[in-house]
Amino acid sequence: QVQLVESGGGLVQAGGSLRLSCAASGRTSNRYAMGWFRQAPGKEREFVAFIAWGGAATDYADSVKGRFTISRDNAKNTLYLQMNSLKPEDTAVYYCAARTGPSGRSSPHDYDYWGQGTQVTVSS
């Protein structure tokens, strides 16, 4: 069992930056791959970024490539999402997730543990 808690969300103007964090606790000894998803009101949960346990393999949604960077610090059991050049369409609740075994990367169904989410609002 793994518990995930996101933080770092807030209100930012278009073009600004935020860094989200996701602190993991519980059974953190496993080599979990992790990802970030987001969900806007009235829309389905959307893949944002993926990172393997070792950090070498990453993947991003086309909508955030070149603007967002996913990283992790396994010693701190923390996942990060650096978000630059934010756009109003980035407004959503952002969730971190952990995957316990090999599977896909971009579907919410691929992940086993989820945080409660943190709100990101980008004003125009």
Side-chain angles (χ1 to χ4, degrees):
Q1 300 182 28
V2 174
Q3 294 78 47
L4 305 173
V5 179
E6 302 94 338
S7 62
L11 175 64
V12 64
Q13 64 269 29
S17 298
L18 285 173
R19 188 172 80 153
L20 305 183
S21 299
C22 173
S25 61
R27 190 177 178 181
T28 58
S29 60
N30 295 75
R31 295 184 174 185
Y32 302 106
M34 300 188 72
W36 286 98
F37 289 76
R38 65 188 183 187
Q39 188 166 22
K43 301 186 68 176
E44 294 185 348
R45 193 162 298 188
E46 175 189 28
F47 170 75
V48 175
F50 164 90
I51 187 167
W53 179 87
T58 59
D59 194 22
Y60 298 90
D62 288 341
S63 60
V64 306
K65 285 181 179 177
R67 300 189 298 120
F68 291 9
T69 302
I70 188 171
S71 62
R72 65 192 297 168
D73 186 338
N74 290 339
K76 296 182 178 180
N77 294 319
T78 303
L79 175 74
Y80 303 98
L81 184 68
Q82 178 66 47
M83 305 186 295
N84 299 325
S85 302
L86 283 162
K87 305 174 181 179
E89 51 262 45
D90 295 319
T91 295
V93 176
Y94 282 71
Y95 299 88
C96 67
R99 191 190 75 189
T100 58
S103 61
R105 300 181 176 186
S106 61
S107 171
H109 188 67
D110 296 327
Y111 296 82
D112 302 290
Y113 302 100
W114 294 86
Q116 83 291 340
T118 185
Q119 177 70 47
V120 172
T121 302
V122 184
S123 63
S124 60

### Task
State plainly whether one hydrophobic cluster holds both L86 and W36, where clusters connect Ile, Leu, Val, Met, Phe, Trp and Tyr through side-chain heavy atoms under 4.5 angstrom apart.
yes
### Message
Can you see whether R99 engages Y111 through a side-chain donor-acceptor pair at a distance of less than 3.5 angstrom?
### Response
no
### Query
Do L4 and V48 sit in the same hydrophobic cluster, where Ile, Leu, Val, Met, Phe, Trp and Tyr count as joined when their side-chain heavy atoms come under 4.5 Å apart?
yes
### Task
Apply side chain to side chain contact (heavy atoms under 4.5 Å, CB included) to the pair R31 and T100, showing each step before the final yes or no.
CA-CA 7 Å; R31 295 184 174 185; T100 58; over 6 Å; no
### Query
Do NZ/NE/NH1/NH2 and the carboxylate oxygens of K65 and D62 come within less than 4.0 Å?
yes
#### Entry: Over-ring placement of R72 relative to Y80, 6.0 Å and 45° cut-offs
no
### Summary
Of L18, T118, I70, T69, the one forming a side chain to side chain contact (heavy atoms under 4.5 Å, CB included) with L81 is I70
### Message
Could you tell me if T121 and Q119 have a donor-acceptor pair between their side chains, going purely by distance under 3.5 Å?
### Response
yes
### Query
In terms of hydrophobic clustering (I, L, V, M, F, W, Y; side-chain heavy atoms under 4.5 Å; direct or indirect links), are F47 and I51 co-clustered?
no
#### Entry: Student check: side-chain heavy atoms of V120 and M83 closer than 4.5 Å
yes
### Query
Under 30°, 30 to 60°, or over 60°: which ring-plane class applies to Y32 and Y113, parallel, tilted or perpendicular?
perpendicular
### Task
Verify the ring-centre separation between Y95 and F37: is it less than 6.0 angstrom?
no
### Message
Can you confirm whether the side chains of T78 and D73 place a donor and an acceptor under 3.5 Å from each other?
### Response
no
